[in-house]
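Only this structure's heavy atoms are used, side chains among them; waters, hydrogens and symmetry mates stay out. Remember, predicted model here, so these are calculated numbers, not experimental data.
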Amino acid sequence: MSDLGEAFRQIGVALGLGLLVGLQRERVASRLAGLRTFALTTVFGTLCGQLAQTLSPWIAVVGLLALTGIILAGNVIKLRTDGADPGQTTEVALLLLYLVGVYLVVGSTEVAIAVGGGTAVLLWAKPQLQGFTSKLGDTDVRAIMQFALLSLVILPVLPNRAIDLYGVVNPREAWWMVVLVAGLGLTGYIAHKLLGDRGGTFAAGILGGLISSTATTIAFARRTRTTPASIPTAAIVITLATTVVFARVLVEIAITAPALLRSAAPRIGGLGLLTALLAAFLWVRWRRNDSAQGLPPLGNPTQIEAALFFGVLYAAVSFVGAAARDHFGEGGLYAVAAFSGLTDIDAI
């Protein structure tokens, strides 16, 4: 594509993104900026980015300062005319769309489109987001923040390399197990709250099997300690998760080692069929029991103590399995498989 064609393509994408976000602002009758203003702002950012590449990088900075001045002037006029609080959502969206326009030139088109489209969706979903947040209690917010601490603050800074003699204990991988257990507890709590006992139970079992049946077992078994009447519900979740595991492993084998599938399918599929029948039996029995209790809400849905324990267990089992393999060679494969199965059968 020629330079001229690329320039027009960037401007076209910027125009589309600006119109998309401007459409949403127009529908909510924003007094500061609407359909045309957002479209012009995004194209303005793209033109500044193009000029910055050919003339001086400071052009993009000057354009941002000029747009900020225009926004401030518009807010001053609004305050003097009606005295109402103008809010900041439209202003931030304008600045963001300007930067999206610049990024179309200096960065990735895919990222720019994702940010622009995501902005439109986020602005459109305001009523849904407000309705969701209004239903959150202190326990819900605390659980979400604790999960954010585990997954977004601690996980990224941990070293992503083996630190033991056998090269199998990776701090980041071990902490992923902590995040899994905490996330499953939180996900099950949210599913239970949104879907009720029956729908939440089924969703938690399927999701748990797709992610980690071991983590699911730990997370949901712990929840029955305070309420023994909820044991049947927890049993269904764990059995469903176990059933999904066998289907998941067969898919993995089909992708990574197709030649093994013919031999493994009858054995693994037979185990999956057995657990599926058991899960169906427990489910039918549970639905007929009107007095059956669901899983009680947790004081701390993220279950940090259980998550930390599982992370340590995962690292320990990985180390023991590697040690058995090192000392006994291929003859220790069954021991390695047994130890691996305590945490995750996918690896073996």
Side-chain angles (χ1 to χ4, degrees), residues 6-53 55-136 140-141 144-145 147-148 151-153 156:
E6 177 64 15
F8 276 112
R9 185 190 68 82
Q10 293 168 352
I11 292 173
V13 174
L15 179 63
L17 291 175
L19 289 172
L20 180 63
V21 177
L23 175 64
Q24 193 282 329
R25 291 286 87 187
E26 193 78 36
R27 287 187 58 82
V28 298
S30 172
R31 296 185 57 185
L32 180 64
L35 191 67
R36 294 174 299 171
T37 304
F38 271 93
L40 291 173
T41 298
T42 313
V43 173
F44 175 56
T46 298
L47 291 174
C48 287
Q50 293 172 347
L51 292 173
Q53 284 194 323
L55 298 177
S56 170
W58 286 101
I59 292 179
V61 178
V62 172
L64 181 62
L65 293 176
L67 177 62
T68 303
I70 293 173
I71 292 174
L72 290 175
N75 277 327
V76 169
I77 294 174
K78 286 176 61 180
L79 287 172
R80 288 181 176 178
T81 54
D82 55 22
D85 182 9
Q88 300 297 322
T89 302
T90 302
E91 291 85 339
V92 173
L94 275 172
L95 294 173
L96 180 60
L97 264 292
Y98 170 83
L99 294 176
V100 166
V102 174
Y103 195 77
L104 277 168
V105 180
V106 302
S108 167
T109 300
E110 291 78 9
V111 172
I113 292 175
V115 173
T119 301
V121 173
L122 190 62
L123 293 172
W124 168 81
K126 177 183 177 180
Q128 291 80 3
L129 292 174
Q130 287 181 334
F132 174 74
T133 55
S134 65
K135 297 178 182 179
L136 295 177
D140 306 324
V141 175
I144 293 172
M145 293 305 168
F147 181 71
S151 59
L152 302 179
V153 178

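- In this structure, the side chains of L104 and T109 come closer than 4.5 Å at one or more pairs of heavy atoms.
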Task: L47 and Q50: CA distance, side-chain angles, deciding distance, side-chain contact (heavy atoms from CB on, under 4.5 Å) verdict - done: CA-CA 5 Å; L47 291 174; Q50 293 172 347; 3.6 Å; yes
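- Tested against L51, the residues I59, V105, T46 include a single side chain to side chain contact (heavy atoms under 4.5 Å, CB included) partner, I59.
- Side-chain contact between V111 and V115 is present, with at least one heavy-atom pair separated by less than 4.5 Å.
- Between C48 and G63, the closest heavy-atom pair is SG-CA, 4.2 Å.
- Here the closest heavy-atom approach between residue A39 and residue L19 is recorded as CB-CD2, 3.7 Å.
- Closest approach of T41 and Y98 over heavy atoms only: CG2-CB, 3.9 Å.
- The two residues Y103 and S108 make their nearest non-hydrogen contact at CE2-N, 3.2 Å.
- The two atoms that bring L123 and A93 nearest to each other are CD1-CB, 4.2 Å, heavy atoms only.
- To the nearest 0.5 Å, atom OG1 of residue T42 and atom CG of residue L96 are 9.0 Å apart.
- Q10 contributes atom CD, which lies 13.5 Å from atom CG of L15 (distance to the nearest 0.5 angstrom).
- A side chain to side chain contact (heavy atoms under 4.5 Å, CB included) with F38 is found for one member of V21, T119, L23 and no other, namely V21.
- Nearest heavy atoms, T68 versus L95: OG1-CD2, 3.8 Å.
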